[in-house]
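Positions are given from 1, in the same order as the sequence printed here. Indexing begins at 1, ligand by ligand and atom by atom, following the structure's order.
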Amino acid sequence: MKNIVILISGRGSNMEAIVHACASEGWNARIAAVVSNRPEAAGLGFAKERGIATAVVDHKAYSGREVFDAELARVIEGFEPDVLVLAGFMRILSPGFVQRFAGRMVNVHPSLLPAFTGLHTHRRAIEAGCKVAGATVHLVTAELDHGPIIVQAAVPVLPGDDEATLAARVLSREHVIYPRAVRWLVEGVLREEGGVVTHTGGESQLLA
Ligand code: GAR
């Protein structure tokens with residue numbers, strides 16, 4: 001039975017999707033904990049209602065990134081994670097933290113990486129006149145919103161879209177591809193070579 005630890009900063013809808021999929025698909029895994037850097041993160045309530053262990057490491061209580069990351073790592077290690085899931089976790093992690101969890105830490109980003117790293121991805125996609133947008137689940141490396149791509153979902157950018165409508169369309173796909181990627185990690189069916197991740201069983205890594 002593998003331990004999944006999920007880091008959130010806010011709403012936690014991707015965390016919810018992973019919790020549901022783990023239970024309904026009978027993964028050989030359990031959600032060992034949901035950890036937030038913000039005490040007011042709405043997703044903590046959902047986790048508590050489900051009887052999932054929660055923890056808060058409030059970044060505001062620490063003098064800098066290194067000390068915050070050290071405490072975050074200590075708390076996470078207490079739950080013995082096999083898979084560490086960043087689900088709307090809005091803190092940049094130090095290289096030491098990333099190294100510690102390398103190969104077992106994943107992130108979802110609301111764009112078709114390597115396009116639109118960083119913030120305001122949907123607004124930037126619309127302003128750039130993109131006809132397609134999407135989301136990416138990737139292994140976390142030290143460079144922000146980079147790292148080997150596990151799965152991507154593509155959605156159309158429709159005439160009249162604004163940031164909110166496009167974000168909603170993309171988010172609904174995140175809820176499909178993120179649980180899928182985490183299940184693959186639990187199953188150990190991914191291979192990474194030269195920065196490219198392949199599913200050894202040939203499952204599609206594109207949702208379009
Ligand atoms: C998601 O859209 C996720 O892709 C994004 O934050 C949202 C969190 O929603 N993450 C990033 O922008 C990370 N760079 P959620 O809390 O409801 O899962």
- Item | Distance-only donor-acceptor check, side chains His109 and Thr121, under 3.5 Å | no
- So, Glu203 and Arg180, do they make that salt bridge, N to O below 4.0 Å? no
- Less than 4.0 Å between a side-chain N and a carboxylate O, is that true for Arg74 and Glu71? yes
- ligand 1: protein residues within heavy-atom distance under 4.0 Å: Arg11, Gly12, Ser13, Asn14, Gly88, Met90, Val108, His109, Pro110, Asp145, Leu171, Glu174
- Are Leu171 and Ile8 grouped together when hydrophobic residues (ILVMFWY) are joined by side-chain heavy atoms under 4.5 angstrom apart? no
- Is the backbone of Val186 close enough, under 3.5 Å, to the side chain of Lys2 for a donor and an acceptor to pair up by distance? yes
- Arg123 with Asp162: basic N within carboxylate O range, under 4.0 Å: no
